[in-house]
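Report on one structure; see the data block that follows.
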Amino acid sequence: MMMASIGTSPLPILFIALLLPASILGDDPYRFFTWNITYGDIWSAGVKQQGILINGQFPGPQIEAVTNDNIIVNVFNSLPEPFLLSWNGIQQRRSSWQDGVYGTNCPIPPGRNFTYVMQFKDQIGSFFYFPSLAFHKAAGGFGGIRVLSRPLIPVPFPPPAGDFTLLIGDWYKANHSVLKYVLDSGRDLAPPDVVLINGRGSNGNAFTVDQGRTYRFRICNVGLSTSLNIRFQGHTMKLVEVEGSHTLQNIYSSLDVHLAQCYSVLVTADQPPLDYYIVASTRFTSTVLSTTAILHYSNSGGRSAGPPPGGPTIQIDWSLNQARSIRYFLLLEKYVSFVPADTPLKLADFYKISGVFYLGSIPDNPTFGGGYLQTSVMAANMREYVEIIFENYENTIQSWHIDGYSFWIVGMDGGQWSAASRKNYNLRDAVARCTVQVYPKSWSAIYMPLDNVGMWHVRSENWARQYLGQQFYLRVYSPANSWRDESPIPRNALLCGRAAGRRTRPL
Ligand SMILES: *[C@@H]1O[C@H](CO)[C@@H](O)[C@H](O)[C@H]1NC(C)=O
Ligand SMILES: *[C@@H]1O[C@H](CO)[C@@H](O)[C@H](O)[C@H]1NC(C)=O
Ligand SMILES: *[C@@H]1O[C@H](CO)[C@@H](O)[C@H](O)[C@H]1NC(C)=O
């Protein structure tokens, strides 16, 4: 009989040995972090500045995780002011409770702590975290997040010999309080002073490689106002991942990284054994700022000839392989300016506290009129499929991010969008990502399936614009109102504003 013969073969024993640990442990692994947020001196721009450190580090510690890991981060706020961290690109499936922005979480009061309980569900890729309140992002407090595929899940390139993170960004010599004061008094920020790579200026970082081997570089723009271009002297970059999606593996000699975007590239050390420049420089600015790091061959015979390479840039087009029934939203982002409420919108929603925000407050098809101020929440239903057009009437590039989601960028073009623009949408081979640039006097169109219930932040990644109100929340409802669609409020949720004193869960 079949069973008998299997029972006597060694194969079932092998199976049992493999299956037992999984069935006993059941749960996905947990990774615990305890972070102490303090002010400390940093000298990144050649002057002494008060930076935001995490466990004494700037940038903060990197989170290294595997798909589906449970990530528990206990954040102790040792600053003299409220603080929150948010997790750029982490989808927080069913749990905007953990998103860590003004509209979803009460600030962690000075001297208190809050534990984020997150699962990096079904995600892979390169992301970062950052401080979301006030203008803290200008003081640091950010760090890299990498989510590796689970063992045995195929990855479309061989394991690299090394995996490096490059957090690149513009930087001001003025501290975050001064920058915030400038914005609060109605003035524009001056252009940034320098560009930093991993918190350091020119040649402050060296990445050591062995000749002949291939390395992964995860590059995120964590800056405040400027698109950057990155390039490796004498080397090319093979693009392999964008914010959680593996990509068509195109080769680039230089790559634009817009605000809050992350890319993974493979670089093969296939040149004579020397030290080469890695250059990050500003795009679309009248004065070009740039900074360098060093790609150091372990058998290097010295510095390669020539100056850091200048940067021609390449625009990247993404496209889509799905076409479905769609609802159409047109967003004119200058139209409504977000005003923070006295209570996180998520809590007001949960406790049904009226008057904190108004649903549907951004019209699907806005008419042209004067801008107005509002605590804006756009409502939509789970499982709807939306098309969002970002129109940019200005001369500066914009970058927009949506929390809780990734979306397909189906079109980008100069001029004004019209229904006819849809004819040129690329519906074939798009990559899903969570941040989209909108070129000056241009539009970008995205498709997004609404599959994650919650209150999700939609923001300009130009941090001054975000601070001044270019942001709103997307409230995605499920009629079922079930824990299958959305996690219950965490027991440790901080309660503030008009939600102060409530209970997090019925006893
Ligand atoms: C955080 O760091 C500060 C400064 O080093 C220290 O005084 C404080 O005790 C630390 N807090 C925690 C919770 O580790
Ligand atoms: C920021 O800089 C201003 C002006 O230099 C200074 O007065 C202030 O103490 C600084 N604040 C912080 C938080 O570093
Ligand atoms: C604060 O940290 C303690 C452990 O030190 C933990 O038990 C507690 O749950 C944390 N508070 C919150 C609100 O997460």
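Nothing here was measured: the structure is a model prediction, and the numbers come from that model. Each ligand, and each atom within it, is numbered from 1 in the order the structure gives. Below, each value reflects all heavy atoms present in this structure, side chains not excepted, and no hydrogens, waters or symmetry copies.
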Regarding D99 and K346, does a basic nitrogen lie under 4.0 Å from an acidic carboxylate oxygen?
no
Please report whether ligand 1 has a polar contact with N36, defined as an N or O pair separated by less than 3.5 Å (distance criterion only).
yes
Closest heavy-atom pair and its distance - V436, I409
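Heavy atoms of V436 and I409 come nearest at CG2-CD1, 3.5 Å.
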Quick check: closest heavy atoms across A139 and H176, and the distance to 0.1 Å?
CB-CD2, 3.6 Å
Taking [atom] as the reference point, the nearest protein heavy atom with its distance:
atom	answer
atom 4 (C) of ligand 3	N74 ND2, 3.7 Å
atom 5 (O) of ligand 3	F76 CZ, 3.7 Å
atom 8 (C) of ligand 2	N175 ND2, 3.7 Å
atom 10 (C) of ligand 3	N113 ND2, 2.5 Å

Which ligand 3 atoms, with their elements, are less than 4.0 angstrom from a heavy-atom of T115?
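Under 4.0 Å from T115, ligand 3 has these atoms: 10 (C), 12 (C), 14 (O).
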Are the ring centres of F142 and F128 closer than 6.0 Å?
no
Is atom 2 (O) of ligand 2 less than 4.0 angstrom from at least one protein heavy atom?
yes
Is atom 14 (O) of ligand 2 touching the protein, meaning some protein heavy atom lies under 4.0 Å away?
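Under 4.0 Å from atom 14 (O) of ligand 2, at least one protein heavy atom found.
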Over 60° means perpendicular and under 30° means parallel, so tell me whether F217 and F164 are parallel, tilted or perpendicular.
tilted
Does an N or O from Q50, backbone or side chain, lie closer than 3.5 Å to an N or O of ligand 2?
yes
Test R146 against T165 for side-chain hydrogen bond (donor to acceptor under 3.5 Å, both in side chains), laying out the working first.
CA-CA 9 Å; R146 62 173 68 152; T165 296; 3.0 Å; yes
Give a yes or no on this: more than 12 heavy atoms of other residues, nucleotides or ligands lie within 6.0 Å of atom CZ of R498.
yes
